[in-house]
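Structure first, then comments.
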Amino acid sequence: MERLDGSIGREADVVRGKARNGGKRPARRCLCSLLAIIVGAALLLACGSAGYAPAPAWAAEAKLNVVSPPDGSWVTTQDLYLVGYLEGDAARHLEIGGVSNKAPREGIPVDEGGAFGVLITLKRGENTITLGSGALQTRLKVFYAPEADSKSVPQGYQRFYVHSNPQPQDCRECHRLRNERYNFTRIIPAQSDCIKCHADMGKASYVHGPVGAGVCISCHNPHGSTNPLSMERVGQDLCLVCHQENLEEFAGAHIHAPVAAGCVDCHNPHESPMRFQLRGRGPDVSSLCFNCHEAAIFTKENRHGPVGSGDCIACHLPHSGEHKNLLIATADKGEVCFQCHQDRMEEFTMRYVHAPVASDCGQCHDPHSSNARFQLYESGGKMCATCHEMLSPEVYNDIRTATYKHEPVDQGKCTECHRAHSSEVQSLLKSSNLQGLCFTCHDELSDHVAGSTAQHGPVITGDCMACHKAHGSTFSRILVRYFPEDFYREYNPEYYDLCFSCHNKDIAKNKFTNTLTNFRDGNYNLHFFHVNMQKGRTCIACHDAHASVQPKHIRTEVPFGFWSYPIALTKTDDGGTCIVGCHAPKGYDRKKPIIEKPAR
């Protein structure tokens with residue numbers, strides 16, 4: 001046998017050992033070497049490793065079985081321990097030929113259970129080994145070539161892995177005799193002395209059970225195997241021999257790639273400083289995940305809570321699952337997110353639901369980390385623009401072409417007015433009362449309106465967008481139509497496109513009228529008079545566009561340079577009186593004219 005620990009053994013042949021001990025069973029030696037002649041491996045490897053004979057049935061027909069190395073093997077170790085067993089024959093020695101060996105002169109001893117073993121040294125290239133006793137003969141071919149010379153191996157030879165520097169030992173260390181034959185159906189869980197060479201093994205915080213118990217043969221075949229490292233089986237098949245209770249964890253529709261390849265990509269089969277013998281570099285599960293997954297996508301400025309704490313399995317199953325990306329629940333309609341964020345569910349269940357919310361939260365939020373707040377893929381308005389530039393082209397045309405910008409829009413603060421997830425109002429606005437929505441920021445105007453007795457119609461109805469464009473405009477004050485910025489302006493009906501979209505556009509058309517306006521002295525049109533003065537006044541010279549405590553939205557003061565002049569209007573049934581800082585008190589009466597007929 002070849003030792004699993006790679007050390008050079010110095011124990012004597014088992015037969016000689018028995019002689020020195022007076023026929024008693026020799027002391028236990030390194031089990032890694034001890035098990036080299038465990039003929040029970042023939043039974044174990046029939047289940048999981050190629051190149052092994054089936055368990056003996058001890059039939060009457062004589063048969064000579066070689067367990068290791070099997071016929072047609074390619075090995076990279078020159079010194080091997082050849083082991084086997086006899087069936088239906090009581091020969092006490094076997095002759096060996098064709099290979100250098102350390103058998104006694106009388107031949108290879110066969111013990112009382114029918115097992116035999118001998119150290120052999122192979123020549124480079126093909127070796128034809130003969131074994132036999134009388135008419136009972138067998139022959140096998142073994143090819144020896146170092147790993148670096150693998151191209152020299154003829155076709156038909158199979159790689160066979162054995163431990164280097166083999167030493168003979170007693171089969172009874174791992175197999176019991178029953179009715180003068182070895183019982184290969186059950187292996188004695190003998191402890192090995194592998195720790196003599198692997199002294200650093202088994203000292204970590206978390207040690208695999210077989211390693212802690214010293215039973216290395218739970219995973220490694222002491223006689224060798226067609227699997228690397230002389231493993232009894234490969235991949236999941238090896239681990240599930242013991243971990244059968246975890247089998248259903250590996251049977252999901254989506255399987256983690258390392259699981260499909262074998263457990264040892266994530267789990268150290270011997271020991272680890274991490275629980276479950278994970279191959280991480282710290283206490284957090286994420287240190288394991290970063291072995292394969294690029295850490296940069298998890299370490300940006302704003303991290304998802306589980307990512308920040310290194311708890312990847314809060315959202316992902318480690319082995320397999322029924323959902324894409326091994327999520328613990330489907331991403332559809334945010335189900336996976338609601339596993340933790342149940343307190344936020346009300347935000348997602350209002351009358352109007354944002355389309356990405358109805359589909360998958362991951363359309364807007366990076367589930368791992370982002371440089372943008374709330375783990376958005378882009379900051380603020382840039383995130384909204386990724387979809388709405390195509391979905392709302394008119395809105396984004398306003399934003400791009402706006403000479404006068406609405407501050408929240410310009411700063412990308414869409415959620416100042418819109419709810420991100422769902423709303424009871426169309427366009428996901430925060431309130432159906434636009435006045436209340438706008439006054440959230442325009443609090444000074446809010447106080448002004450609240451203290452007024454006369455309000456402009458759109459202000460009463462809360463329809464701020466009757467006059468203003470919410471996302472930006474080419475007109476001052478983000479108005480929907482043109483209105484002069486100047487306080488004084490010569491009259492032109494086109495200048496008052498905004499006001500005349502609702503009000504009578506002919507109100508100042510004629511100097512004399514009995515129908516166009518009630519602001520007249522007799523039939524003298526005082527609207528015409530004010531806008532057609534040498535320094536014509538715009539509408540806001542006298543009217544407050546939002547609200548006032550005076551009738552007809554007459555403002556309480558008029559700006560004049562750095563000063564403000566008061567305006568006081570007193571209405572009568574047929575006219576009224578105006579006291580203003582820019583001229584002496586004036587009265588007007590529609591039935592009994594007060595003003596002397598003007599020259600102009």
Side-chain angles (χ1 to χ4, degrees), residues 350-355 380-486 493-505 507 538-540 542-548 552-553 555:
M350 298 180 186
R351 182 179 180 186
Y352 298 95
V353 179
H354 198 187
K382 290 181 180 179
M383 185 68 245
C384 303
T386 56
C387 292
H388 287 281
E389 275 195 304
M390 179 180 65
L391 297 174
S392 310
E394 292 182 1
V395 169
Y396 276 84
N397 183 62
D398 287 342
I399 295 173
R400 282 191 298 270
T401 62
T403 306
Y404 301 89
K405 302 179 183 297
H406 193 187
E407 187 172 308
V409 177
D410 189 41
Q411 294 177 354
K413 298 179 179 179
C414 302
T415 53
E416 292 287 309
C417 300
H418 300 275
R419 295 177 64 93
H421 300 125
S422 69
S423 174
E424 297 296 343
V425 186
Q426 281 186 321
S427 301
L428 299 180
L429 289 171
K430 288 186 173 181
S431 174
S432 58
N433 183 351
L434 291 184
Q435 183 188 105
L437 178 62
C438 298
F439 287 168
T440 302
C441 295
H442 300 284
D443 52 352
E444 186 176 344
L445 179 60
S446 174
D447 294 340
H448 173 64
V449 171
S452 301
T453 54
Q455 298 177 356
H456 196 188
V459 175
I460 294 173
T461 60
D463 186 13
C464 301
M465 288 193 290
C467 298
H468 300 280
K469 269 193 171 182
H471 296 101
S473 175
T474 56
F475 305 120
S476 66
R477 307 175 186 90
I478 60 171
L479 294 170
V480 296
R481 298 190 183 203
Y482 178 75
F483 187 88
E485 294 185 51
D486 305 328
E494 294 180 0
Y495 295 164
Y496 304 97
D497 189 33
L498 175 68
C499 301
F500 289 160
S501 63
C502 294
H503 296 284
N504 182 3
K505 62 180 175 28
I507 194 170
T538 60
C539 301
I540 60 171
C542 298
H543 299 280
D544 190 307
H546 295 105
S548 175
K552 299 296 183 179
H553 319 308
R555 34 189 324 151

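Residues take their numbers from the sequence shown, with the count starting at 1.
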Between the CD1 atom in I540 and the NE2 atom in H553, the distance rounded to the nearest 0.5 Å is 14.5 Å
- prompt: In terms of heavy-atom contacts, does CD of E407 have more than 12 from other residues, nucleotides or ligands at under 6.0 Å?
  reply: no
Exercise for the section: Please tell me if the side chains of C417 and L437 come closer than 4.5 Å, counting only heavy atoms from C-beta onward. Expected result: yes
Applying ring-ring contact (aromatic ring centres under 6.0 Å, His included) to F483 and not counting sequence neighbours gives Y496
Under 3.5 Å, which donor-acceptor pairs link side chains of residues 421-430 to any protein atom two or more places apart or in another chain?
from, atom 1, to, atom 2, distance (Å)
H421, ND1, E347, OE1, 3.1
S422, OG, E347, O, 2.3
S422, OG, M350, N, 3.3
S423, OG, V425, N, 3.0
S423, OG, V425, O, 3.4
S423, OG, L429, O, 2.6
K430, NZ, T415, O, 2.7

Applied to residues 444-459, the side-chain hydrogen bond (donor to acceptor under 3.5 Å, both in side chains) test, sequence neighbours excluded, yields H448-D544
Rounding to 0.5 Å, atoms CG (N433) and SG (C464) come to a distance of 8.0 Å
Close side-chain approach of Y396 and H388, heavy atoms under 4.5 Å: yes
ask   = Do H468 and L479 have side chains that get closer than 4.5 Å, going by heavy atoms?
value = yes
* Minimum side-chain heavy-atom gap F439-L445 below 4.5 Å -> yes
Taken to the nearest 0.5 Å, the spacing of D486 CG from S476 OG works out to 9.5 Å
Is R400 atom CZ crowded by more than 12 heavy atoms from other residues, nucleotides or ligands, each under 6.0 Å away? yes
- Task: Show the numbers, then the answer: is there a side-chain contact (heavy atoms from CB on, under 4.5 Å) between E416 and V409?
- Result: CA-CA 9 Å; E416 292 287 309; V409 177; over 6 Å; no
